[in-house]
2 protein chains.
Amino acid sequence: MTINLRDRRRRQTARDIQQAALRVALQAGYCAATTDAIAAEAGISPRTFFNYYPNKTAAVLGQPPVLDTQAGAWIATSEAPLVDDLVRLLGQMLKDDSPDRQTLRMIERLIETTPDMQILFRKSLDAISFALAGLLQARLGAHRALEADLIAAMSTHALANGVRSWAADEAMDLDGVLDMTRDQLRSVCVLLG
Amino acid sequence: MTINLRDRRRRQTARDIQQAALRVALQAGYCAATTDAIAAEAGISPRTFFNYYPNKTAAVLGQPPVLDTQAGAWIATSEAPLVDDLVRLLGQMLKDDSPDRQTLRMIERLIETTPDMQILFRKSLDAISFALAGLLQARLGAHRALEADLIAAMSTHALANGVRSWAADEAMDLDGVLDMTRDQLRSVCVLLG
DNA sequence: GCACATTATTGCGGACTGTGCAATATTTGC
DNA sequence: GCAAATATTGCACAGTCCGCAATAATGTGC
């Protein structure tokens, strides 16, 4: 149990720091929220803050979901329609992550007051996009590398749109996010002819 | 001539600083390239550096092309296929910008050594994506806001792919970039079914 | 329980970024 | 050439982030 217990504590502390960061940032504004103030709010030393997060942005956004490329390798050989496979894969990831609505709402509010945060939010999803692009390239072939990249970027983008709606709408569940993601991708295809 | 002359000097200095920044970053690595070193290389004081660029990233990437929403408003009412209109609009912007192959190549090389730069490169194109999303929403309607966002993101992404190929391939011209952009968008539609 | 190994926390010092301000230099309009 | 506008610079300062070493906390084996 030793490792798990420590890890659990670590994750809890990381979450506490994120909550503190969001509270301070929402109250004082993102730029005015110094790492010192966040550390104070979280009840840790300024130095410890950087043991948990490399920078202020990471602390505010927390750890984004991770796309497990091992567990998603099936997509390379699947013969189901691509959109369905994409949504299935992203759904797998989303449920592993089980995001916290309250936290996401605070992030939402912060983005409203600090539009620059939106770019940082997207950036935090780039790791997913990159991993997904790799999987898609395995499916589509190296000659479709650029397209794989585009589809990956658009899919994570669509998922992010869905998650933001989910955070705002109490009545929505995670499957609703996936439905929304699928709808967006299909609509784009139709619109682009 | 007064304003134009000063402006020309300003733009030239900005370009000089960018070149200096790229030289230093390529030689020492992006992280190790301090703003002081860049200023020294450009022959200006460290303080003057920040009169031209808000930060090191901006200096390295230079000013990205700007999508003129006035000149692109026609897309809202056009009845041509969307892909064609998108490519036409982006082509208009690209030709206004007349990018410098040599500079882009240095950026390319920098991205190769510092993969994080790729994210920053994309981020520098977000302003285009945002402007384009606005135009597309005018065409598609507010109920398609999410899709407009997705199409805008994917289009600028595809254009960036094209420009990077153009920088690498001496035989390619700007129309080739646009052809590539169109091909990518079409392929994505086909692949997504 | 007890000593031990591992890990977490903290303080300190330092390099770097970015900004405001005021002094100085340069350019421009007349 | 003179006065106004603009650009450059030095200086001081707040803030970010990291390396290092000392200290505290926690889990392991006995």
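Just so it is clear: chains get the letters A, B, ... in the order the sequence lines come, proteins before strands, and each one is counted from 1.
Nearer the 5' end of DNA chain D, as judged by each residue's closest nucleotide, is the contact made by A/T35, out of A/R47 and A/T35.
Under a 4.0 Å N-O distance rule, the pair A/D175/A/K95 qualifies as a salt bridge. Ion pair B/D7/B/R10 not flagged as a salt bridge, since none of the NZ, NE, NH1 or NH2 atoms sits closer than 4.0 Å to an Asp/Glu carboxylate oxygen. Salt bridge annotation for A/D100-A/R15: absent, with no cationic side-chain nitrogen under 4.0 angstrom from a carboxylate oxygen. Residues A/R186 and A/D84 are paired through a salt bridge, judged by an N-O separation under 4.0 Å between the basic side chain and the carboxylate.
Cluster annotation: B/L120 is connected to B/V60 through the hydrophobic network of ILVMFWY side chains, with a link wherever side-chain heavy atoms come within less than 4.5 Å.
Atom-to-atom, CD1 of B/I44 to C1' of C/dA25 comes out at 16 Å; the value is rounded to the nearest Å. Atom-to-atom, CZ of B/R8 to C1' of C/dT27 comes out at 15 Å; the value is rounded to the nearest Å. At whole-Å resolution of the value, CZ in B/F50 and P in C/dC21 are 17 Å apart. Here D/dC17 presents its P atom at 12 Å from CG of A/D36, a figure rounded to the nearest Å. When rounded to the nearest whole Å, the span between CG of A/N51 and P of D/dA21 equals 16 Å. Going from atom OH of A/Y52 over to atom C1' of C/dT10 covers 12 Å, rounded to whole Å. For A/R9 and D/dA25, the CZ to P distance is 11 Å, given to the nearest whole Å. For B/Y30 and C/dC16, the OH to P distance is 15 Å, given to the nearest whole Å.
The phosphate of D/dC17 has neither OP1 nor OP2 within less than 4.0 Å of any side-chain N or O from A/Y53. Between A/S45 and C/dT10, a side-chain N or O to OP1/OP2 separation shorter than 4.0 Å is present. Dashed line: the shortest gap from a side-chain N or O of A/T48 to OP1 or OP2 of C/dT10 is under 4.0 Å. Put simply, A/R10 has a side-chain N or O that comes within less than 4.0 Å of OP1 or OP2 on C/dA8.
Residue-level contact check: A/F49 touches neither bases nor backbone, having no heavy atom under 4.0 Å from any strand.
Candidate nucleotides C/dG11, C/dT9, C/dT17 were compared by shortest atom distance to the side chain of B/T34, and C/dT17 ranks first.
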